[in-house]
Amino acid sequence: VHNANDLIRMHGRLGNAAKAREIFDLIPVKDRLSWDYMLLAYTQGGSIDEAWRIFDQIPQPSVFSFNILLSALSQSGDFRGARRIFDGMPQWDVVSWNSMLSAHIQHGDLAAAQRFFDCMPEKTIVSWNAMVSAYAAKGDTSIAKLLFGKMPQWDVASFNAMLTGFDQEDYVLELRRFFNALPEANFVSWTIVLTAYARIGHLFECQALFNAMPQRDIVAYNVMLSAFSHHSTGKDSKALFDTMPQWDMLSWTSLLNAYIQEGHIDRAKRTYDTMPMQD
RNA sequence: UGUCUCGUGGCU
């Protein structure tokens with residue numbers, strides 16, 4: 001059963017719920033993990049209706065089962081559904097509370113989220129991170145800073161959430177100071193700062209930071225590429241594009257944009273014709 | 001062995 005469960009999980013992660021279901025159906029004796037992984041596979045594949053259906057068939061849904069569905073409803077923007085599941089749960093753990101908190105945030109009701117947060121019987125660093133990130137995303141940087149300062153402890157996600165709040169022209173200096181002072185940074189941290197420079201149009205800093213990155217993934221490349229396409233020449237864009245280890249649709253689109261903005265319709269057309277996927 | 005929070009463009 002363990003191996004079968006792992007397979008279900010794997011296919012679920014790849015977004016292949018149908019394949020996961022095939023394996024699920026072959027298991028003679030399913031344990032609670034088989035059901036939860038199958039439920040998770042449906043939510044990861046975006047099949048909320050199927051998720052509901054399988055959830056209703058779970059013999060004894062655990063808090064985990066409830067949480068999986070709750071989190072999926074929250075992420076899909078179904079606030080009412082999330083609320084209904086949450087209210088109907090036999091018991092809650094801190095993940096349930098965090099998921100419902102993030103449902104409020106998804107729903108765009110920060111005031112309600114704050115009230116919910118204040119009433120939560122227990123909070124983890126995830127709860128705090130979610131709130132900081134919500135205020136930062138809304139542009140309420142001073143409130144985000146206040147909350148950040150009150151946190152009992154931080155992890156790299158806390159730092160990153162706070163960093164996103166500095167993605168504004170007025171905060172460039174603070175962004176850099178904060179970033180430089182971080183005890184811990186990862187890929188995401190670097191990319192947030194990179195993105196801020198790109199958006200604000202500080203091409204020089206952007207490029208310097210890009211070159212200083214310990215490693216670069218496709219997201220970082222795309223940010224740099226998009227910075228070039230908005231603030232530099234198609235030639236620069238093309239040069240960077242050619243050094244990329246791989247491309248996705250965003251990379252191609254940025255290159256197209258660079259040419260179009262320069263009025264190089266012919267080059268844009270040629271680029272378009274060589275794209276592997278033309279959406 | 002499982003569930004919650006952080007990063008990439010344009011149009012709307």
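Atoms considered below: every heavy atom in the structure, side chains included; atoms not considered: hydrogens, waters and symmetry mates. Just so it is clear: chains get the letters A, B, ... in the order the sequence lines come, proteins before strands, and each one is counted from 1.
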Residue pair [X] / [Y], side-chain donor-acceptor N/O under 3.5 Å:
X: A/Ser99; Y: A/Ser74; answer: no
X: A/Ser34; Y: A/Asp31; answer: yes
X: A/Gln207; Y: A/Asn211; answer: no

Value in whole Å for how far the [atom2] atom of [N] lies from [atom1] of [X]:
X: A/Asn160; N: B/rC6; atom1: CG; atom2: P; value: 10 Å
X: A/Tyr135; N: B/rU5; atom1: OH; atom2: P; value: 18 Å
X: A/Leu182; N: B/rC6; atom1: CG; atom2: C1'; value: 12 Å
X: A/Leu163; N: B/rC6; atom1: CG; atom2: P; value: 14 Å
X: A/Gln106; N: B/rU5; atom1: CD; atom2: P; value: 9 Å
X: A/Met162; N: B/rC6; atom1: CE; atom2: P; value: 15 Å
X: A/Phe148; N: B/rU5; atom1: CZ; atom2: P; value: 19 Å
X: A/Leu101; N: B/rC4; atom1: CG; atom2: P; value: 14 Å

Self-check item: Test side-chain contact (heavy atoms from CB on, under 4.5 Å) applied to A/Leu225 and A/Thr253, A/Leu240, A/Ile218, A/Asn257, the passing residue
Solution: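 Single pass found, and it is A/Leu240.
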
Exercise. Would you name the heavy atoms of A/Gly234 and A/Glu262 that are closest together and state the gap between them?
Key: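 Closest approach of A/Gly234 to A/Glu262, heavy atoms only: N-OE2, 2.9 Å.
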
Quiz prompt | Residue pair A/Arg80 / A/Arg83, side-chain heavy-atom distance below 4.5 Å | solution =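 With C-beta onward as the side chain, the pair stays apart.
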
Quiz prompt | Heavy-atom protein contacts under 4.0 Å, nucleotides 7-12 of chain B, coded B base, S sugar-phosphate only, - none | solution = BBB---

Self-check item: SB check A/Glu22 A/Lys19 (cutoff 4.0 Å)
Solution: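 A salt bridge is present here (some side-chain N lies under 4.0 Å from a carboxylate O).
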
Quiz item: Base, sugar-phosphate, or nothing for A/Ala130, non-hydrogen atoms under 4.0 angstrom?
Solution: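 The residue A/Ala130 makes sugar-phosphate contact but no base contact.
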
Quiz item: Base, sugar-phosphate, or nothing for A/Gln75, non-hydrogen atoms under 4.0 angstrom?
Solution: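 Counting heavy atoms under 4.0 Å across all strands, the contact made by A/Gln75 is with sugar-phosphate only.
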
Self-check item: Nearest to side-chain heavy atoms of A/Phe64, which nucleotide of B/rU1, B/rU3, B/rC6
Solution: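 Looking only at side-chain atoms, A/Phe64 lies closest to B/rU3.
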
